Amino acid sequence: AQPNIKSLISHWQGKVSIAKNDNQPQSKNSESVTFALDINSQIKQLNYPNILKVDELKLTTKLSGNIEEITINTKVIADDVPIATAILMGDLRHPSVIVSAQDVLLTDLLALKLKLPVELKLIDGNIDYHLSGQLKNSDDLLANPMILTLTVQDITGEVDGTWLQELNWQQKLQLQNGEIKSRPEQTKTSSNLTIAKIETATPINNFSTRTYIDFSQDRLKLLAHNIRGHLLGGRFDIPQVQWPFRKDLPVKVALTKIDLEKLLELDKKQGIVVTGKVSGQLPIQYDGENFLIKGGSIKNVGDGIIQVYNNPAVEELKASSTELKLAFSALENLHYHHLSSEVSMADDGYMLLDTAIRGRNPDLDNDVNLNLNLSYDLLGLIESLNITEDFESKII
């Protein structure tokens, strides 16, 4: 789709000087024409279908020098928002180019009716960018290598329906031949993406990672290294994630001191209390359609308590079997010192936990060794936690 405008009005003021002496060498002929111009242009109703729509675009340009050594400095203002300063200088046949902006409010940019791949409802945040390079190939502008440095700061608001607080991100990219790639030195730095809070069903705090972008051959690949954050009273760490997901590259999630009491608050059941903390590893694999967990494990860190009482389903089970009554009686007040589970998840979204519990019930004055298999609809829980009051909203 091509952009279209309603009108273009341009005012030119200044001078163009042409030397009279034609006996100069041909290489000097270009220097015989010099410019000193102020150009003010106004574009009405710029519409680039499916990208942006601007009611008024103002360009204020100062042009000076000659073809061998020219300077063109343009300030771009879209609907009263300064969005860019563009500088072109040097030999006009292969000039250097810089396009940049600083401290542009993202709320002002979003007011320009941008068409974005995700919905943004921001209340704060700004962006800096700096694009530079030299136009050595005038026949194919995209063939010229360019460096783009992006910095977004203090973004707060909804991103695709998820509330984020204080998102900060820096990325240096190389653009050439229609490809966009993170610069090699970017991959060696520490975290370049941090988020103070991600408001999901299980809020994530102090999120950080190092990102790498590769858009080539019309395909986008995203890499994130050293992902970490705090949730459920503990911490998670992931060495690496790639999108699109690969079958041969499992996502290894390490959990540290997850609070079981906070975990059970996600799906409260009458008469079930569990305290204590667990750590472990959850290798998540993608088979092309579903996410699977194979060979995962969690284990307690310190002691805890399990109390199961006054639960209708449990009372029904106790009434059906003497063995079950004995087991659940032990669980009415179990002070455990060992709790471990072998964890797996099949393609149906059900998580299976082969669990061993060792402890003591002081009310029964007896040691308890309990082995049990638990099955839980994890994906169903995640869906139910993310259903908003508006049932038309997407289910994550």
Side-chain angles (χ1 to χ4, degrees), residues 162-168 190-211 224-241 250-269 272-285 291-308 331 334-345 349-359 370 372-386 396:
T162 299
W163 180 265
L164 306 178
Q165 287 181 209
E166 297 180 30
L167 181 151
N168 293 277
S190 57
S191 301
N192 65 329
L193 170 63
T194 61
I195 307 173
K197 187 174 185 179
I198 305 173
E199 194 66 71
T200 61
T202 57
I204 298 171
N205 297 296
N206 303 320
F207 176 91
S208 65
T209 185
R210 188 175 75 245
T211 60
H225 298 272
N226 297 333
I227 305 168
R228 58 190 57 184
H230 293 87
L231 83 164
L232 297 172
R235 191 182 83 234
F236 69 90
D237 294 87
I238 305 172
Q240 178 178 321
V241 172
V251 178
K252 299 177 181 178
V253 181
L255 303 175
T256 304
K257 294 185 177 180
I258 300 299
D259 191 325
L260 292 175
E261 193 169 5
K262 292 183 180 295
L263 180 63
L264 263 66
E265 286 177 358
L266 298 178
D267 191 22
K268 292 182 179 179
K269 301 293 186 185
I272 297 179
V273 175
V274 180
T275 68
K277 296 186 176 184
V278 296
S279 298
Q281 300 279 339
L282 298 179
I284 301 174
Q285 292 181 309
F291 289 99
L292 315 171
I293 297 176
K294 294 182 179 180
S297 63
I298 57 175
K299 191 177 186 302
N300 65 300
V301 181
D303 299 342
I305 297 174
I306 299 174
Q307 295 175 327
V308 181
L331 286 173
L334 175 59
H335 295 235
Y336 68 85
H337 57 79
H338 174 94
L339 185 152
S340 64
S341 284
E342 300 300 318
V343 184
S344 63
M345 187 174 75
Y350 273 82
M351 179 176 278
L352 304 175
L353 300 101
D354 186 1
T355 305
I357 304 172
R358 307 286 181 264
L370 189 64
L372 66 156
N373 294 320
L374 302 174
S375 175
Y376 204 89
D377 183 7
L378 179 65
L379 296 187
L381 171 63
I382 292 173
E383 285 187 355
S384 66
L385 291 172
N386 285 282
I396 299 175

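Basis for what follows: all heavy atoms, side chains included, without hydrogens, waters or symmetry-related copies. Residues: numbered from 1 along the sequence shown. Since the structure is predicted, the reported quantities are computational estimates derived from the model, not experimental observations.
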A.B. asks: Can you tell me how far apart CG (N226) and OG1 (T211) are? Round to the nearest 0.5 Å.
C.D. replies: 12.0 Å

A.B. asks: Spell out, as yes or no, whether a donor-acceptor pair under 3.5 Å connects the side chain of T256 to the backbone of S279.
C.D. replies: no

A.B. asks: Please name the pair of heavy atoms, one in A224 and one in T209, separated by the smallest distance, quoted to 0.1 Å.
C.D. replies: CB-OG1, 3.5 Å

A.B. asks: Decide yes or no on side-chain contact (heavy atoms from CB on, under 4.5 Å) for N373 and L352, but give the supporting numbers first.
C.D. replies: CA-CA 7 Å; N373 294 320; L352 304 175; over 6 Å; no

A.B. asks: Kindly give the heavy-atom pair with the smallest separation between G302 and Y336, and that separation in Å.
C.D. replies: O-CE1, 4.3 Å

A.B. asks: First locate atom CD1 of I204, then atom CD1 of I227, and finally report the distance between them rounded to the nearest 0.5 Å.
C.D. replies: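 Nearest 0.5 Å value for the CD1-CD1 distance: 10.5 Å.
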
A.B. asks: If the condition is side-chain contact (heavy atoms from CB on, under 4.5 Å), which residues does P239 pass it with, not counting sequence neighbours?
C.D. replies: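 Listed in chain order: K252.
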
A.B. asks: Nearest 0.5 angstrom please: R358 CZ to L339 CG, how far?
C.D. replies: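 CG of L339 is found 10.0 Å from CZ of R358.
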
A.B. asks: Mind jotting down which residue pairs meet the salt bridge (Lys or Arg N to Asp or Glu O under 4.0 Å) criterion with at least one end in residues 231-240? Sequence neighbours excluded, please.
C.D. replies: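 Matches after skipping sequence neighbours: R228-D237, R235-D237.
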
A.B. asks: Where do T200 and T162 land on the side-chain contact (heavy atoms from CB on, under 4.5 Å) test, with the steps shown first?
C.D. replies: CA-CA 7 Å; T200 61; T162 299; 4.2 Å; yes

A.B. asks: Under the rule for salt bridge (Lys or Arg N to Asp or Glu O under 4.0 Å), what residues qualify as partners of E199, not counting sequence neighbours?
C.D. replies: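 In terms of salt bridge (Lys or Arg N to Asp or Glu O under 4.0 Å), with neighbours along the sequence ignored, E199 is linked to K197.
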
A.B. asks: Looking only at heavy atoms, which two atoms of S208 and T194 are closest? And how far apart?
C.D. replies: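 The answer is CB-CG2, 4.0 Å.
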
A.B. asks: My understanding is that only residues two or more places apart in sequence, or in another chain, count here; which of them pass side-chain contact (heavy atoms from CB on, under 4.5 Å) with L374?
C.D. replies: L353, T355, L372

A.B. asks: The criterion is side-chain contact (heavy atoms from CB on, under 4.5 Å); which residues satisfy it with D259, sequence neighbours excluded?
C.D. replies: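 D259 satisfies side-chain contact (heavy atoms from CB on, under 4.5 Å) with E261, K262, K277 only.
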
A.B. asks: Not counting sequence neighbours, which residues clear side-chain hydrogen bond (donor to acceptor under 3.5 Å, both in side chains) with H337? List them please.
C.D. replies: none

A.B. asks: On a heavy-atom basis, which atom in R210 and which in N192 lie closest, and how many Å separate them?
C.D. replies: CA-OD1, 3.1 Å

A.B. asks: Is any side-chain heavy atom of L193 closer than 4.5 Å to a side-chain heavy atom of L167?
C.D. replies: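 Of all side-chain heavy-atom pairs linking L167 with L193, at least one is under 4.5 Å.
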
A.B. asks: Taking side-chain contact (heavy atoms from CB on, under 4.5 Å) as the test, write out the residues that go with L255, two or more places apart.
C.D. replies: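 side-chain contact (heavy atoms from CB on, under 4.5 Å) check on L255 returns F236, V253, I258, L282.
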
A.B. asks: Tell me the side chain to side chain donor-acceptor pair (under 3.5 Å) pairs involving residues 297-308, sequence neighbours left out?
C.D. replies: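 Sorted result for residues 297-308: Q307-N333.
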
A.B. asks: Any idea which heavy atoms bring A254 and Q281 closest together, and the distance?
C.D. replies: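 Closest heavy-atom pair between A254 and Q281: CB-NE2, 3.6 Å.
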
A.B. asks: Just how far is it from atom CD of Q240 to atom NE2 of H225, taken to the nearest 0.5 Å?
C.D. replies: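 If we round to the nearest 0.5 Å, Q240:CD and H225:NE2 are 4.5 Å apart.
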
A.B. asks: So, using side-chain hydrogen bond (donor to acceptor under 3.5 Å, both in side chains) as the criterion, who are the partners of S344 when residues are at least two apart?
C.D. replies: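 Scan of S344 (side-chain hydrogen bond (donor to acceptor under 3.5 Å, both in side chains), adjacent residues dropped) gives none.
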
